Number of protein chains: 2
Amino acid sequence: MASVTTTIASIDTAELASRLRLGVTRLARKLRQQAEPGITPSLLSALSTIERVGPLTIGDLCAVEQVQPPTMTRLVASLVETGLVERSVDPDDRRVAWVRVTPSGARSLAQTRKRKEAYLAKRLRRLEPDRLAVLEEAAAILDELVEGES
Amino acid sequence: MASVTTTIASIDTAELASRLRLGVTRLARKLRQQAEPGITPSLLSALSTIERVGPLTIGDLCAVEQVQPPTMTRLVASLVETGLVERSVDPDDRRVAWVRVTPSGARSLAQTRKRKEAYLAKRLRRLEPDRLAVLEEAAAILDELVEGES
DNA sequence: CATTATAGTTCGCAAAGCTAATTAGTGTCA
DNA sequence: TGACACTAATTAGCTTTGCGAACTATAATG
């Protein structure tokens with residue numbers, strides 16, 4: 001166990017928002033640059049959501065991925081074309097399309113996962129345990145930040 | 001003062017890398033959607049770096065913003081065109097271009113800063129002080145993560 | 001002087017995002 | 001039943017951002 005002690009009295013949310021935005025934007029950019037040829041970060045993010053959440057509709061995917069329908073239509077089309085994902089029409093409501101990962105998609109996800117996070121993990125390994133612990137908590141908070149309502 | 005206590009014994013950097021990547025990517029996407037009309041997140045990020053770091057060259061800007069030269073050339077051209085930034089040729093080495101914020105650019109930055117971070121700040125304000133403190137530290141760590149070598 | 005190295009630019013391409021308009025299928029209710 | 005409204009997804013067209021390759025202009029070096 002480790003203790004991380006911080007002054008909380010004077011946290012300026014506007015200032016924090018500014019710094020957090022810059023940090024997040026830059027890291028996202030850096031991560032984008034690590035994309036493997038063939039699968040881009042957006043495709044990857046969609047694919048891993050499809051795997052994690054299980055069969056879901058295009059609309060569900062849009063909500064989770066925080067993207068507008070036309071964007072997701074294109075991402076899914078690309079994933080289907082490369083055989084990583086399978087589409088099927090809902091028999092009860094033929095407007096709805098369900099999407100699920102194919103065995104090939106699951107394999108591809110598993111295979112590439114290590115490599116995909118290599119860049120980040122490599123840098124994380126250089127951090128002191130205290131700081132890793134901070135990021136660990138921060139990751140969860142970031143998720144909440146985005147999840148809570150749109 | 002507040003204490004944030006965390007288990008550090010078993011932090012799996014690969015797992016953390018995965019979660020952090022997802023969280024960061026999604027938040028970055030969400031932030032992009034909050035762009036004000038007229039100034040995009042990339043332009044904004046470049047502009048605020050130019051203000052923060054002071055006069056600097058295109059190459060310096062590329063390094064800080066983690067972007068390739070062609071991209072920065074275009075961003076700067078756009079900022080110059082809208083009068084937010086000023087370019088000047090280095091008299092000692094005429095290959096080099098120095099870039100600085102104009103008064104108009106500084107005004108624009110100041111004016112819009114509040115609004116630009118409103119989305120994030122609004123959400124941050126809902127967090128408990130403990131969690132704010134975590135993000136505060138995380139922001140600094142994220143910066144280091146990207147800064148340390150390319 | 002010729003060569004090599006460096007700072008930026010231009011060009012052409014691809015990915016990812018959007019809005020607006022369209023298509024296809026459901027539901028409602030007079 | 002038949003017209004109308006609603007919903008899920010798609011298509012079309014546009015913008016921004018990013019890249020690599022090739023180029024220009026300038027400096028440095030042998």
Side-chain angles (χ1 to χ4, degrees), chain A residues 24-47 49-50 55-82 85-99 150, chain B residues 25-47 49-50 55-82 85-99 146 150:
Chain A
V24 163
T25 302
R26 286 204 196 107
L27 180 52
R29 190 148 51 199
K30 206 64 185 149
L31 287 172
R32 200 183 317 124
Q33 292 166 2
Q34 307 305 318
E36 289 188 84
I39 188 143
T40 65
S42 290
L43 290 172
L44 191 60
S45 181
L47 182 58
T49 294
I50 296 169
L56 75 181
T57 69
I58 305 284
D60 293 341
L61 249 181
C62 288
V64 177
E65 291 290 302
Q66 300 284 347
V67 145
Q68 294 302 305
T71 301
M72 192 48 72
T73 289
R74 187 170 32 188
L75 290 175
V76 167
S78 173
L79 290 172
V80 167
E81 199 172 333
T82 50
V85 148
E86 207 176 46
R87 281 180 61 123
S88 52
V89 174
D90 185 316
D92 293 339
D93 184 343
R94 293 159 47 74
R95 294 169 303 181
V96 173
W98 291 89
V99 173
S150 294
Chain B
T25 302
R26 284 203 197 108
L27 179 52
R29 190 148 49 201
K30 206 62 186 153
L31 287 172
R32 200 184 316 127
Q33 292 167 1
Q34 307 304 317
E36 289 187 83
I39 188 142
T40 65
S42 290
L43 290 172
L44 191 59
S45 182
L47 182 57
T49 293
I50 296 169
L56 74 180
T57 69
I58 305 286
D60 293 342
L61 249 180
C62 289
V64 177
E65 291 291 303
Q66 301 285 348
V67 145
Q68 294 303 304
T71 302
M72 192 48 72
T73 289
R74 187 169 32 189
L75 290 174
V76 167
S78 173
L79 291 171
V80 168
E81 200 171 335
T82 50
V85 148
E86 207 176 44
R87 279 180 65 123
S88 51
V89 174
D90 185 316
D92 292 339
D93 184 342
R94 294 160 46 76
R95 292 169 304 182
V96 173
W98 290 89
V99 173
V146 172
S150 294

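Any value given below was found using the heavy atoms of this structure, including those in side chains, with hydrogens, waters and symmetry copies removed. Model, not experiment: these values are computed from the prediction. Chain identifiers are assigned alphabetically (A, B, ...) following the order of the sequence lines, protein sequences preceding nucleic acid strands; residue numbering begins at 1 within each chain.
Atom CD1 of B:I50 is separated from atom CD of B:E86 by 11.5 Å, given to the nearest 0.5 angstrom. Atom CG of B:L79 sits about 6.0 Å away from atom CD1 of B:I39, to the nearest 0.5 Å. One finds the CD atom of A:E65 at 11.5 Å from the CD1 atom of A:I58 (value rounded to the nearest 0.5 Å). Separating the OG1 atom in B:T40 from the CG atom in B:L75 is a distance of 7.0 Å, to the nearest 0.5 Å. Put simply, OG1 on B:T57 and CZ on B:R87 are 10.5 Å apart, with the number rounded to the nearest 0.5 Å.
Rounded to whole Å, the distance from CG on A:D90 to P on D:dA8 is 12 Å. Rounded to an integer number of Å, the gap from A:L79 CG to C:dA16 C1' is 13 Å. Between the C1' atom of D:dG18 and the CD atom of B:Q68 lies a distance of 9 Å, rounded to the nearest Å. Rounding to whole angstrom units, CG of residue B:L61 and P of C:dA7 are separated by 14 Å. As rounded to whole Å, 14 Å separates atom C1' of D:dT24 from atom CG of B:D93. To the nearest angstrom, P of D:dT26 lies 16 Å from CD1 of B:I58. In this structure, the CE atom of A:M72 is 16 Å from the P atom of C:dA15, given to the nearest Å.
Taking both residues in full, the closest heavy atoms of A:C62 and A:P69 are given as SG-CA, 3.5 Å, listed atom of the first, atom of the second, then distance.
When atom types are taken as modelled, the side chain of B:T49 and the backbone of B:S45 share a donor-acceptor pair closer than 3.5 angstrom. Side-chain atoms of A:S78 never come within 3.5 Å of backbone atoms of A:R74 as a donor-acceptor pair (strictly under, hydrogens ignored).
Of the listed nucleotides (D:dG18, C:dA7, D:dA9), D:dG18 has the atom at the smallest distance from the side chain of B:V67. Nearest to the side-chain atoms of B:P69 among the listed nucleotides C:dG17, C:dT19, C:dT9 stands C:dT9. Among the nucleotides D:dT10, C:dT9, D:dA27, the one closest to any side-chain atom of B:T73 is C:dT9.
At D:dT7, none of the side-chain N or O atoms of A:R94 fall inside 4.0 Å of OP1 or OP2 (strictly under the cut-off).
Listed by chain and residue number, B:W98, B:R100 satisfy the side-chain contact (heavy atoms from CB on, under 4.5 Å) test with B:P55 (two or more places apart in sequence, or in another chain).
Nucleic acid contact class of B:D92 (heavy atoms, under 4.0 Å, all strands): sugar-phosphate only.
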Interface polar pairs with nucleotides 15-17 of chain D, N/O, under 3.5 angstrom:
from, atom 1, to, atom 2, distance (Å)
D:dT17, OP1, B:T40, OG1, 2.1

Please list each protein N or O that sits under 3.5 Å from an N or O in nucleotides 4-6 of chain C, with the distance.
from, atom 1, to, atom 2, distance (Å)
C:dT6, O2, B:R95, NH1, 2.8

